[in-house]
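What follows is a set of notes on a single structure, which appears directly below.
Keep in mind that the numbers below use all heavy atoms, side chains included, and drop hydrogens, waters and symmetry copies.
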Amino acid sequence: MNKPVVVSEETLTEPVVVSDVAPAARAAAGPAYVVLAGISFSHFLNDTMQSLIASVYPILKDTYALDFAQIGMITLAFQFTASLLQPVVGHYTDKKAQPYSLSIGMASTFFGLLLLSAAHQYLVILIAAALVGLGSAVFHPESARIARLASGGRYGFAQSVFQLGGSFGTSMGPVLAALIVVPFGQGSIAWFSSIAFLAILILWRIGRWYEPQIKAKKTATVQAHPDAPSSRRVAVALAVLVALLFSKQLYVSSLSSYYIFYLIDRFGVSTQAAQIYLFIFLAANAVGAFFGGPLGDRFGRKIVIWISILGALPFTLALPYAGLYASAVLSVIIGLIISSTTSSIIVFAQELVPHRFGMISGVFFGVAFGIGGLGAAVLGKLADHTSIEFVYQVCAWLPAIGLLAVFLPKLPRHLR
């Protein structure tokens, strides 16, 4: 049964609240599917544009004679911007919602893509990547709040719908790069600025829906449930969730950033064929991301976290020793399993600290981006000194960190 959407409990001082709608009416109405579809599609457009950066790495590497460490620094510039600013954006919007900030942030992505298409110096490429990351920093915390507001109490489902758009958008980047950027060159990246413009229009419309739903209002501090975890256990649980997200995101980052090079070096496939194989892995990620949230709503988020991270371990260990077609099959299985944890981790963290929803969302989305960026830089340096194959042998053990899930507390039923 759907629970009422009580957005006022998600902030400390001036929370976002639903006005003039009775709780029973909100529960009966269920999720706002049109809004969920709009924010998910916007996530699709946003992450499609972001994934173009990693997808054009072979072109940038050949054109400007970059090494793997420099490729990793591009990823770091892009993702560190998002990692640094997302918690700040989330903290600010906890106090005062900004319904039109999404479309304004998307303008940064728009200009970043235009700059990347015309960049002919390494420093300019880094700046363009950072601008795209800035757009992501503004987009994720507030759009996650909108998804929760439109959830009708089905928080895991809403988060999965939101994540589905982003995961599918990420998977489209390699395909679009193979079909458009590879044949037509770096300048064709400018064509994708039209996607950013479309996203700006959609997010402006969602902002118009969002604006009358909110109002600034001082409320009393949220009273803790007597069975809720202590502040110490909450801190431990948040640290564990960050570590689990580290294991998942760093592994996915290793495939997203270097899988193309791995396939080219080991199996001698063409750049376009390698991008198709990357698309297959990322598409599996998108499907797995969708099912994780509803499964968490039904069976509990802790068990989904256990299964999704540890369950991928046998397949990640086998991947470095598999042939080309077996690698494709294993990548699909890994993507389906390991991506299902993202929604459960994020919603679990939001339920642990419901009065700082925006900041927690920003921290976890930011950590995901930051870990990916830092990990890509470190793995690139390691690949320069060893080999891509050695990197995948090391990364294969990352899902073993899922054992830390044993330290996650059991939440009271009202928080689930």
Side-chain angles (χ1 to χ4, degrees), residues 9-13 15 79-80 82-95 137 140-142 144-145 147-148 155-156 159-160 162-163 221-252 292-293 296-297 300-310 338-375 398-416:
E9 71 177 12
E10 297 172 356
T11 57
L12 272 178
T13 55
Q79 294 185 345
F80 183 73
S83 174
L84 182 66
L85 294 182
Q86 281 195 47
V88 177
V89 173
H91 176 71
Y92 179 75
T93 55
D94 275 341
K95 295 183 176 182
H140 283 98
E142 197 70 347
R145 189 194 302 276
R148 188 174 178 91
Y155 303 128
Q159 186 62 222
S160 282
F162 176 65
Q163 291 292 333
T221 302
V222 177
Q223 297 297 318
H225 190 279
D227 297 326
S230 65
S231 58
R232 180 182 176 86
R233 288 214 69 189
V234 167
V236 171
L238 290 175
V240 168
L241 291 172
V242 169
L244 296 176
L245 194 60
F246 167 84
S247 67
K248 180 261 181 184
Q249 194 63 29
L250 184 55
Y251 185 83
V252 172
D297 285 339
R301 311 196 202 289
K302 185 174 179 178
I303 190 172
V304 172
I305 292 171
W306 266 106
I307 295 173
S308 60
I309 296 184
L310 277 179
I338 203 169
S339 64
S340 63
T341 192
T342 304
S343 297
S344 292
I345 287 177
I346 292 173
V347 176
F348 200 109
Q350 292 167 351
E351 291 169 343
L352 284 169
V353 195
H355 52 286
R356 290 194 180 275
F357 173 78
M359 188 187 72
I360 288 295
S361 300
V363 165
F364 275 81
F365 280 116
V367 165
F369 280 106
I371 288 173
L374 182 60
L398 286 171
I401 297 177
L403 290 169
L404 292 176
V406 72
F407 296 106
L408 294 177
K410 182 178 180 180
L411 296 181
R413 182 170 295 274
H414 88 290
L415 292 178
R416 295 185 284 119

Distance, nearest 0.5 Å, that separates CD1 of Ile338 from CD of Gln249: 9.5 Å

Spell out, as yes or no, whether a donor-acceptor pair under 3.5 Å connects the side chain of Lys302 to the backbone of Leu408. yes

Look at the side chain of Ser247 and the backbone N and O of Leu244, then say whether any donor-acceptor pair between them is shorter than 3.5 Å. yes

Looking at every heavy atom in both [X] and [Y], which two are closest together, and how far apart are they?
X      : Y      : answer
Pro399 : Leu310 : O-CD2, 3.7 Å
Val347 : Tyr155 : CG2-O, 4.1 Å
Tyr251 : Leu398 : N-CD1, 3.7 Å
Ala349 : Leu238 : CB-CD2, 4.1 Å
Leu85  : Ala137 : CB-CB, 3.7 Å
Phe162 : Ala144 : CZ-N, 4.1 Å

Is there a side chain to side chain contact (heavy atoms under 4.5 Å, CB included) between Leu241 and Ile305? Walk through the geometry before answering. CA-CA 9 Å; Leu241 291 172; Ile305 292 171; 4.1 Å; yes

Please lay out, stage by stage, how Arg301 and Glu351 fare under the test side chain to side chain contact (heavy atoms under 4.5 Å, CB included). CA-CA 11 Å; Arg301 311 196 202 289; Glu351 291 169 343; 3.0 Å; yes

Measure the shortest side-chain to side-chain distance between Gln163 and Ile346 over non-hydrogen atoms and say whether it is less than 4.5 angstrom. yes

Within-4.5 Å side-chain heavy-atom neighbours: Ile309 and Ile401: no

Would you say CD1 of Ile303 has more than 12 non-hydrogen atoms from neighbouring residues, nucleotides or ligands within 6.0 angstrom? no

